[in-house]
Amino acid sequence: MLLKSEGFASNLADPAGRRTLQQFCEEEALPYEGIPVSRETFSRYAVAFQQRLVPMVEDVSVTMLDRQTNRFQLRLATGEEVRAKKVVVATGLSHAEYIPAKLAKLPAELLSHSSNHHDLDKFKGREVVVIGGGQSALETAALLNEAQATVTLLVRRSSIEWHDIPKPGPRSLWQRLRRPESPMGNGLKLWLCAAAPLAFYHLPEQIRVDVVRTYGQRRGTSLEVLGPSGSWWLKERVVGRVPILLGQGVREAEAKGSKVVLHVDGPEGTSRQLIADHVIAATGYRFNVGSLPFLSQRLISELRCVQDAPSLSPSFESSIPGLYFTGIASAYNFGPVMRFLCGTQYAAERISSAIGREQRRSPSSVSVEIASTRNRTA
């Protein structure tokens with residue numbers, strides 16, 4: 001598996017801006033220029049980044065987050081309890097996997113989300129339908145085909161959008177003005193979303209919601225910022241190798257024995273049935289605060305939300321003082337850039353600056369207490 005983003009758009013943020021992916025590849029003698037970034041390379045980079053700059057990370061699941069008086073209480077999978085005045089929820093795409101309602105009733109053995117897979121060899125010799133037209137769907141279909149599965153790709157749109165092959169050398173002034181470069185891609189809309197999250201924040205709420213909702217849904221509308229698309233290096237592994245049904249939508253899905261039957265509507269009222277051993281929904285992500293399994297019902301009820309996502313201050317603080325959200329949870333507030341790695345720098349700077357200012361005003365405001373189930377305090 002390979003990253004959709006180019007190398008320069010795949011950097012983790014550090015205060016000095018020195019720990020880039022390129023710097024890591026140079027240190028480790030790994031190829032960087034002109035090639036897609038592999039999942040393995042990025043994972044090595046991320047682990048090295050963490051070990052050098054944030055070595056105090058504890059790998060343990062949070063099973064409960066609630067608030068008592070002026071502190072938050074967290075219960076960990078180890079049985080420990082943590083109390084703190086500040087909590088940042090940065091769960092990435094976890095718990096945000098979106099499966100359309102027409103598929104959701106299928107049993108787990110017949111349906112999965114593309115995020116559930118990192119090794120597709122188990123589908124060798126089986127018939128699989130992949131639903132979606134973005135990078136995840138296209139790469140999943142390519143990998144299934146290469147794992148000797150029988151694949152059909154079902155795409156709602158009438159065509160697939162492919163990225164252009166990056167051109168070497170500097171761009172002219174006219175090219176840079178007409179289509180400015182950003183980590184999200186080239187173009188004025190993308191550049192504005194990447195460069196000005198705070199400006200997006202000050203747009204009317206309904207416009208913000210519409211822009212984020214139409215992300216990946218309606219091509220050609222004035223609101224669309226970045227629709228489903230495939231990386232340039234993926235095209236030759238899909239086109240002519242995998243059957244693609246364009247302009248097709250699932251009307252109904254049902255399980256029949258060990259098979260799944262999809263009733264599909266096509267262009268101009270046509271319809272067909274697809275029978276497969278498994279369906280993989282590469283249908284993206286939608287954040288819903290109620291889907292976070294560790295968040296107490298009391299906190300959920302107290303959160304002021306916009307379309308099931310928290311309404312945030314300019315420093316990413318929710319309506320519950322001291323509780324911050326970032327990543328996809330903040331997209332309705334700060335724009336589609338928050339769905340991408342390149343959005344983490346802005347979020348991290350705003351959140352850490354806000355907490356730092358409060359700590360300077362009141363040094364005890366971010367203190368943390370850890371207590372075991374036996375009530376011993378450390």
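Throughout, residue positions are numbered sequentially from 1 according to the sequence presented.
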Handout entry: Steps toward side-chain hydrogen bond (donor to acceptor under 3.5 Å, both in side chains) verdict (Thr91, Ser94)
Key = CA-CA 6 Å; Thr91 49; Ser94 298; over 6 Å; no

Practice task
Output, in order, the C-alpha distance, side-chain angles, deciding distance and verdict of salt bridge (Lys or Arg N to Asp or Glu O under 4.0 Å) for Arg19 and Asp14.
Solution key: CA-CA 7 Å; Arg19 297 296 180 180; Asp14 68 280; over 6 Å; no

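Centroid-to-centroid, the aromatic rings of Phe334 and Tyr201 come within less than 6.0 Å. Aromatic pair Phe287/Tyr332: centroids not less than 6.0 angstrom apart.
Side-chain heavy-atom separations under 4.5 angstrom define the hydrophobic clusters, and the remaining members of the one that includes Leu173 are Leu177. Alongside Met64, the hydrophobic cluster contains no other residue (criterion: ILVMFWY side chains under 4.5 Å). Under a 4.5 Å side-chain heavy-atom criterion applied to ILVMFWY residues, the cluster that includes Leu192 comprises Leu188, Trp191 as well. With side-chain heavy atoms closer than 4.5 Å counting as contact, directly or through intermediates, the hydrophobic cluster containing Leu3 also holds Phe8, Leu12, Leu21, Phe24, Leu30, Tyr32, Val37, Phe42, Tyr45, Phe49, Leu53, Val54, Met56, Val57, Leu341.
At least one side-chain heavy atom of Glu58 sits less than 4.5 Å from a side-chain heavy atom of Glu80. Counting heavy atoms from C-beta outward, Val155 and Leu153 have side chains that approach closer than 4.5 Å.
Arg241 and Glu146 are not joined by a salt bridge, as no carboxylate oxygen comes within less than 4.0 angstrom of a charged side-chain nitrogen. Between Glu27 and Arg52 a salt bridge is recorded (basic side-chain N to carboxylate O distance below 4.0 Å). Salt-bridge check for Arg176 with Glu181: failed, with every basic side-chain N at 4.0 Å or more from each acidic carboxylate O.
The environment of NZ in Lys124 is sparse: at most 12 heavy-atom neighbours from other residues, nucleotides or ligands sit within 6.0 Å. Atom CD of Glu236 sits in a sparse spot, with 12 or fewer heavy atoms from other residues, nucleotides or ligands closer than 6.0 Å. Heavy-atom neighbours of Asp119 CG from other residues, nucleotides or ligands within 6.0 Å: above the threshold of 12.
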Using residues 268-276 as the side-chain source, report each donor-acceptor pair under 3.5 Å to any protein atom, sequence neighbours left out, with the distance given to one decimal.
{"from": "Thr270", "atom 1": "OG1", "to": "Pro267", "atom 2": "O", "distance (Å)": "2.9"}
{"from": "Gln273", "atom 1": "NE2", "to": "His263", "atom 2": "ND1", "distance (Å)": "3.4"}

When the side chains of residues 97-112 are checked against the rest of the protein, which donor-acceptor pairs come out under 3.5 Å, sequence neighbours left out?
{"from": "Glu97", "atom 1": "OE1", "to": "His95", "atom 2": "N", "distance (Å)": "3.4"}
{"from": "Ser112", "atom 1": "OG", "to": "His117", "atom 2": "NE2", "distance (Å)": "2.6"}
{"from": "Ser112", "atom 1": "OG", "to": "His278", "atom 2": "NE2", "distance (Å)": "2.8"}

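Every residue two or more places apart in sequence or in another chain was checked for a side-chain contact (heavy atoms from CB on, under 4.5 Å) with Pro243, and none qualifies. For Val239, the side-chain contact (heavy atoms from CB on, under 4.5 Å) partners two or more places apart in sequence, or in a different chain, are Trp162, Lys235. Remark: Thr344 pairs with no residue by the side chain to side chain donor-acceptor pair (under 3.5 Å) rule, at least two apart or across chains. Under the side chain to side chain donor-acceptor pair (under 3.5 Å) criterion, Gln50 pairs with no residue at all, not counting sequence neighbours. Legend: residues meeting side chain to side chain donor-acceptor pair (under 3.5 Å) with Gln345, ordered by chain and number and at least two apart, are Glu349. Under the rule for a side chain to side chain donor-acceptor pair (under 3.5 Å), Arg126 has no partner lying at least two apart in sequence or in another chain.
For the side chain to side chain donor-acceptor pair (under 3.5 Å) criterion with Gln135, the lone passing option out of Ser5, Ser231, Ser114 is Ser231.
Listed for the Asp308 side chain is no donor-acceptor partner under 3.5 Å among the backbone atoms of Val289.
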